[in-house]
Structures are given as structure tokens and as C-alpha cells.
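Okay, structure first, notes after.
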Amino acid sequence: MKGEAFFSGNVDYTLMGLPEIDSAIFFGSITMVTWGIWVVLGNAASESIDPRTAAAISYLVAGPLALGFIIVSDASLAITVRGGLLAGTAGLFTGIGLISMYVGLSGGSTTIVSTLGAMYFVIAAIIGMVVLGDEVTITRLVGIAFAVIGVVLVTR
């Protein structure tokens with residue numbers, strides 16, 4: 001029955017009077033909104049206190065939230081060496097990006113810092129196509145070009 005596995009595949013929201021929503025779109029939308037709010041609040045925080053301290057406080061709040069989610073969900077606690085190293089390295093890059101964003105916000109425009117930071121998906125798409133073997137299509141290349149054009153327009 002659809003709807004039982006809330007965190008995977010399609011979720012059947014028809015019981016709530018809503019059409020069926022793909023979980024990637026559902027959670028991607030939540031990510032978009034919450035990260036947008038995060039950047040605005042991070043900007044305000046970095047204007048009020050040292051941006052490095054603001055970045056650390058953000059992660060001190062986010063860490064226990066992520067751990068709490070593991071506890072209340074059915075997440076596996078099995079960690080392989082490879083998976084642990086990859087997750088730890090991802091965390092390293094996340095931390096560098098977080099600190100960079102807060103420092104950038106303290107000295108620059110929220111519009112510019114957040115727009116450039118939001119281009120992470122272009123880097124991920126390029127790595128996916130060049131390193132991971134994702135299919136290179138005209139549509140994807142045009143999408144990347146439009147994203148770059150959009151950033152240029154927004155940051156001017």
C-alpha cells in the first residue's frame with residue numbers, strides 16, 4: 001500500500017485530499033524553503049555576532065536534530081568504513097561551505113552569497129556527469145547554462 005514507506009518512493013497523500021507527490025519533490029521543496037530561510041537568518045546572525053561563532057552555533061543545533069531524527073526513524077546504525085569515511089568527508093565540505101557562507105554574509109550581499117552558494121547543484125551535476133558517469137544530455141547542459149545565466153543576472 002502506498003504511503004506506508006513515507007521516506008521513499010511516491011507518497012500517497014490522496015487521503016488528505018492532495019494529489020500523489022513524489023518524495024523527491026516533496027523533500028526537495030522542504031529543503032529549498034528551509035535553506036532559503038537558513039541563509040536569511042544566518043545573514044542576520046553574522047551581522048549580530050562573529051560569523052564563525054554563528055556558523056558553529058548553527059551546526060551545534062543541527063547536529064542533535066540529525067541525531068534525533070536517526071533515533072525516531074528506522075535508520076540503520078550500521079556503518080561501513082567506506083560509508084563512514086564518505087559521510088565524514090561530506091561533513092568536512094559541508095562545514096567549510098557553512099563557515100564560508102557565514103563569513104561571506106558578514107561582508108557581502110545576501111543575494112550574491114546565497115545565489116553563488118546555491119549553485120552547488122551545478123558542481124554536483126558536473127561531477128555526476130564527468131566522474132560518476134551520469135548521462136550527458138543537451139537538456140542537462142542547457143539547464144546548467146541557464147543556471148549560470150541566472151546567477152549572473154541575480155548577482156548584478
Side-chain angles (χ1 to χ4, degrees), residues 1-129 131-132 134 143-144 147-148 150-151 154-155:
M1 176 177 169
K2 282 189 177 179
E4 289 180 10
F6 186 75
F7 295 107
S8 65
N10 291 331
V11 179
D12 186 357
Y13 292 103
T14 55
L15 295 176
M16 296 186 291
L18 298 172
E20 188 173 298
I21 301 171
D22 183 283
S23 65
I25 293 172
F26 179 73
F27 289 108
S29 297
I30 291 172
T31 302
M32 174 185 65
V33 171
T34 57
W35 284 3
I37 294 167
W38 165 55
V39 171
V40 172
L41 293 175
N43 180 54
S46 67
E47 291 175 353
S48 300
I49 60 176
D50 186 292
R52 296 162 292 191
T53 303
I57 291 170
S58 291
Y59 262 60
L60 287 172
V61 171
L65 182 64
L67 291 174
F69 183 70
I70 289 171
I71 293 168
V72 300
S73 72
D74 61 350
S76 171
L77 298 177
I79 301 171
T80 64
V81 172
R82 180 179 188 271
L85 286 172
L86 288 169
T89 304
L92 173 70
F93 282 101
T94 300
I96 291 168
L98 173 84
I99 293 166
S100 178
M101 184 196 73
Y102 274 86
V103 172
L105 289 171
S106 71
S109 162
T110 303
T111 302
I112 292 173
V113 174
S114 64
T115 303
L116 288 171
M119 289 294 291
Y120 73 88
F121 75 91
V122 170
I123 302 302
I126 291 169
I127 291 170
M129 288 184 278
V131 177
L132 302 177
D134 289 350
I144 289 170
V148 171
V151 166
V154 170
T155 58

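If you're wondering where the values come from, they're calculated on a predicted model, not measured in any experiment.
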Any side-chain heavy atom of Trp35 sitting closer than 4.5 Å to one from Ser114? no
Spatial distance of atom CG (Leu65) from atom CD1 (Ile70) [nearest 0.5 Å]: 10.5 Å
Please report the closest heavy-atom contact between Asn43 and Leu105, naming both atoms and the distance. OD1-O, 3.3 Å
I need the Ile99 CD1 to Ser58 OG distance, nearest 0.5 Å. 10.5 Å
Kindly give the heavy-atom pair with the smallest separation between Ala45 and Ala54, and that separation in Å. CB-CB, 4.0 Å
Using a 4.5 Å cut-off on heavy atoms from C-beta on, say whether the side chain of Ile57 contacts that of Ile49. yes
If I take atom CD1 from residue Ile126 and atom CD1 from residue Ile144, how far apart are they, to the nearest 0.5 angstrom? 5.0 Å
Atom CD1 in Ile25, atom CD1 in Ile30: separation rounded to 0.5 Å? 12.5 Å
May I ask you to test the Thr111-Thr155 pair for a side-chain heavy-atom distance under 4.5 Å? no
To the nearest 0.5 angstrom, please state how far the CD1 atom of Ile71 sits from the CG atom of Leu77. 8.5 Å
Please test Met119 against Val148 for side-chain contact (heavy atoms from CB on, under 4.5 Å), starting from the C-alpha separation and ending with a verdict. CA-CA 8 Å; Met119 289 294 291; Val148 171; 4.0 Å; yes
Stepwise, does the side chain to side chain donor-acceptor pair (under 3.5 Å) test hold for Thr53 with Tyr102? CA-CA 9 Å; Thr53 303; Tyr102 274 86; over 6 Å; no
How close do Thr80 and Gly83 get, counting heavy atoms only, and between which atoms? OG1-N, 2.9 Å
Leu98 vs Trp38 side-chain heavy atoms within contact, under 4.5 Å: yes
Any donor-acceptor pair under 3.5 Å linking the side chain of Thr34 with the backbone of Thr31? yes
May I ask you to test the Met101-Leu116 pair for a side-chain heavy-atom distance under 4.5 Å? no
